[in-house]
Engineer: 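First the structure, then my questions, so here it is.
Predicted model, so just to flag it, every value in this text is computed and none were measured.
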Amino acid sequence: MATVTEKAAPAAVPGKATANSLKQVLFKKIEEQRPRTQRLMKEFGNVKVGEVTMAQTIGGARGVRCLVTDISYLDPMEGIRFRGKTIPETLAALPKPPGCDYPYVEAHWYFLLTGEVPTMEQTLAVVEDFKARRAVPQYVFDMLRTIPRDTHPMTMFSLAILAMQRESVFSKRYGEGMKKDEYWDPTYEDATNILAKLPSIAAYIYRMKFKADTHIPGREDLDFGGNFAQEMGFGKPYDDVSRMYFILHSDHESGNVSAHTTHLVSSALSDDYYSLSAGLDGLAGPLHGLANQEVLRWMMNFQKKLGGAEPTPELVEKALWDTLNAGQVIPGYGHAVLRKTDPRYVAQREFCVKNLPDYPLFKLIDMIYKVAPDVLTKHGKTKNPWPNVDAQSGVIQWYYGLTEWDFYTVLFGVGRALGVLANITWDRALGYAIERPKSVTTKMLEDVAAKTISADDLGND
């Protein structure tokens with residue numbers, strides 16, 4: 001019988017030997033999980049887990065329980081949990097590079113896939129595997145250079161991933177014919193190949209677009225976060241900024257636009273390149289990943305209105321009330337699910353307190369954090385008066401020299417790829433079906449509301 005490694009990929013796939021530990025652990029987890037999913041479908045397929053209201057049908061399926069993921073869960077009071085661990089627990093548990101405050105991104109990838117905290121030995125094996133897959137095909141750079149330089153960085157990023165679709169191991173294996181229970185294997189290979197290349201692709205776009213087309217080669221001795229900082233041209237501790245940022249933004253359940261889009265496209269058996277590129281297109285929207293850029297712009301305008309004055313509680317409170325009374329919102333505050341300060345905000349705030357406590361923009365943001373919840377509570381129109389991740393992330397990038405905020409969503413995209421690619425690897429492992437919800441017409445809803453027909457008459461097929 002062939003081993004999982006022998007089934008995993010053609011011999012030409014880089015890093016095959018060093019990937020054994022992670023792939024073997026993942027394969028064991030898949031074999032354990034499959035019977036659980038199959039039993040639920042077979043024995044309990046008709047058990048209801050909720051009912052859909054008209055508001056949910058019309059309002060974006062908010063709160064409809066129709067997705068399954070074990071990678072992360074958004075707890076209203078604890079924030080995002082990665083494989084059951086809170087953000088502080090995750091950051092504390094995962095192995096860190098020597099002398100660094102934040103974990104290896106590669107360790108987080110192992111953790112997202114398996115639910116197990118890797119040892120340092122297992123982590124370094126993944127680090128080496130990523131290095132072996134890191135080289136970006138030259139045609140990707142050639143393609144990027146043909147695009148007008150005023151193209152948005154997210155467009156470039158999505159196109160670069162889509163251009164590499166010809167490299168897909170899954171598409172090749174599917175064309176050759178393989179069993180359905182093997183689909184996860186080439187999906188894993190595609191996911192790992194993509195992830196290993198993303199930092200270099202992102203850095204190339206940044207240097208080409210914003211740094212006079214001057215490029216910095218990577219270093220073989222550096223990990224995912226460290227090499228990204230190297231190729232971007234930023235020194236320490238920006239390597240730790242990268243590790244923290246990518247881990248914090250990696251996953252957020254499956255219902256957000258980028259994760260859901262990646263899952264939806266993948267459910268049609270489109271490979272990882274098609275699926276991730278589509279998910280990133282959703283991330284680029286101002287109601288999703290673009291929000292951190294919008295928040296930073298608002299914060300800097302707010303700073304200008306203070307005219308250089310020290311951001312005292314009294315000044316900030318007055319300015320916030322002026323904003324709200326003018327019919328405007330305070331961006332970066334509020335969350336659809338959370339009912340406390342976003343732990344991702346807290347993690348980044350702790351970094352700022354340690355590394356840039358006297359930076360004027362951070363001092364303003366921190367004072368808003370201390371004042372805004374009370375103002376918003378008194379205002380009474382915000383379900384959650386606490387800051388979310390976007391209220392803090394931009395100031396760190398700006399402080400370390402990444403002042404081109406059009407690029408911030410690309411950073412988000414590099415991180416988010418970790419979660420969505422882990423999710424679709426498991427989707428394939430458990431044989432999830434193509435996603436195909438049922439639509440109804442407005443007239444049907446009106447008839448149900450008028451009780452001329454019942455909801456059962458709408459059908460479920």
Engineer: Under a 4.0 Å threshold between the charged nitrogen and the carboxylate oxygen, would K236 count as salt-bridged to D240?
Structural biologist: no

Engineer: Can you name the residues that form a side-chain hydrogen bond (donor to acceptor under 3.5 Å, both in side chains) with K85, not counting sequence neighbours?
Structural biologist: none

Engineer: Give the table of side-chain donor-acceptor pairs shorter than 3.5 Å for residues 417-437, with sequence neighbours excluded, one pair per line with atom names and distance.
Structural biologist:
residue: N423; atom: OD1; partner: T69; partner atom: OG1; Å: 2.5
residue: N423; atom: ND2; partner: D251; partner atom: OD1; Å: 3.4
residue: N423; atom: ND2; partner: D251; partner atom: OD2; Å: 3.4
residue: N423; atom: ND2; partner: G419; partner atom: O; Å: 2.9
residue: T425; atom: OG1; partner: L421; partner atom: O; Å: 2.8
residue: W426; atom: NE1; partner: L113; partner atom: O; Å: 2.7
residue: D427; atom: OD2; partner: H263; partner atom: ND1; Å: 2.8
residue: R428; atom: NH1; partner: T187; partner atom: OG1; Å: 2.8
residue: R428; atom: NH2; partner: S266; partner atom: O; Å: 3.2
residue: R428; atom: NH2; partner: S266; partner atom: OG; Å: 3.2
residue: R428; atom: NH2; partner: S270; partner atom: O; Å: 2.6
residue: E435; atom: OE1; partner: H260; partner atom: NE2; Å: 3.3
residue: E435; atom: OE1; partner: H263; partner atom: NE2; Å: 3.0
residue: E435; atom: OE2; partner: H260; partner atom: NE2; Å: 2.6

Engineer: Only pairs at least two apart or in different chains count here, so list each ring-ring contact (aromatic ring centres under 6.0 Å, His included) that has a residue in residues 56-85.
Structural biologist: F82-H108

Engineer: Under the rule for ring-ring contact (aromatic ring centres under 6.0 Å, His included), what residues qualify as partners of W386, not counting sequence neighbours?
Structural biologist: none

Engineer: Can you tell me how far CD1 of I216 sits from CZ of F234, rounded to the nearest 0.5 angstrom?
Structural biologist: 9.0 Å

Engineer: For E32, enumerate each residue passing the salt bridge (Lys or Arg N to Asp or Glu O under 4.0 Å) test, keeping only those at least two apart in sequence or located in another chain.
Structural biologist: none

Engineer: My understanding is that only residues two or more places apart in sequence, or in another chain, count here; which of them pass salt bridge (Lys or Arg N to Asp or Glu O under 4.0 Å) with E89?
Structural biologist: none

Engineer: Under the side-chain hydrogen bond (donor to acceptor under 3.5 Å, both in side chains) test, which residues partner E231, sequence neighbours left out?
Structural biologist: S200, N227

Engineer: So, taking the atom named CD1 in I365 and the one named CD in Q392, what distance separates them when rounded to the nearest 0.5 Å?
Structural biologist: 5.5 Å

Engineer: Which pair of heavy atoms, one from A135 and one from K197, lies closest together, and at what distance?
Structural biologist: O-CE, 3.1 Å

Engineer: Taking salt bridge (Lys or Arg N to Asp or Glu O under 4.0 Å) as the test, write out the residues that go with D142, two or more places apart.
Structural biologist: none

Engineer: For Y400, give me all partners under ring-ring contact (aromatic ring centres under 6.0 Å, His included), at least two apart in sequence or on another chain.
Structural biologist: none

Engineer: If every non-hydrogen atom of T403 is compared with every non-hydrogen atom of W398, which pair is closest and at what distance?
Structural biologist: O-CZ3, 3.0 Å

Engineer: Report the residues that fulfil salt bridge (Lys or Arg N to Asp or Glu O under 4.0 Å) with E350, sequence neighbours left out, ordered by chain and then residue number.
Structural biologist: none

Engineer: Mind checking the CD-OH spacing from E182 to Y174? Nearest 0.5 Å is all I need.
Structural biologist: 13.5 Å

Engineer: Between E189 and R133, is there a salt bridge with N-O shorter than 4.0 Å?
Structural biologist: yes

Engineer: Show the nearest heavy-atom pair for residues F351 and V241, with the distance to one decimal.
Structural biologist: CZ-CG2, 3.4 Å

Engineer: For residues 46-56, which residue pairs pass the salt bridge (charged side-chain N to carboxylate O under 4.0 Å, His left out) check, not counting sequence neighbours?
Structural biologist: none

Engineer: Suppose the criterion is side-chain hydrogen bond (donor to acceptor under 3.5 Å, both in side chains): which pairs have a residue in residues 91-102, not counting sequence neighbours?
Structural biologist: D101-K354

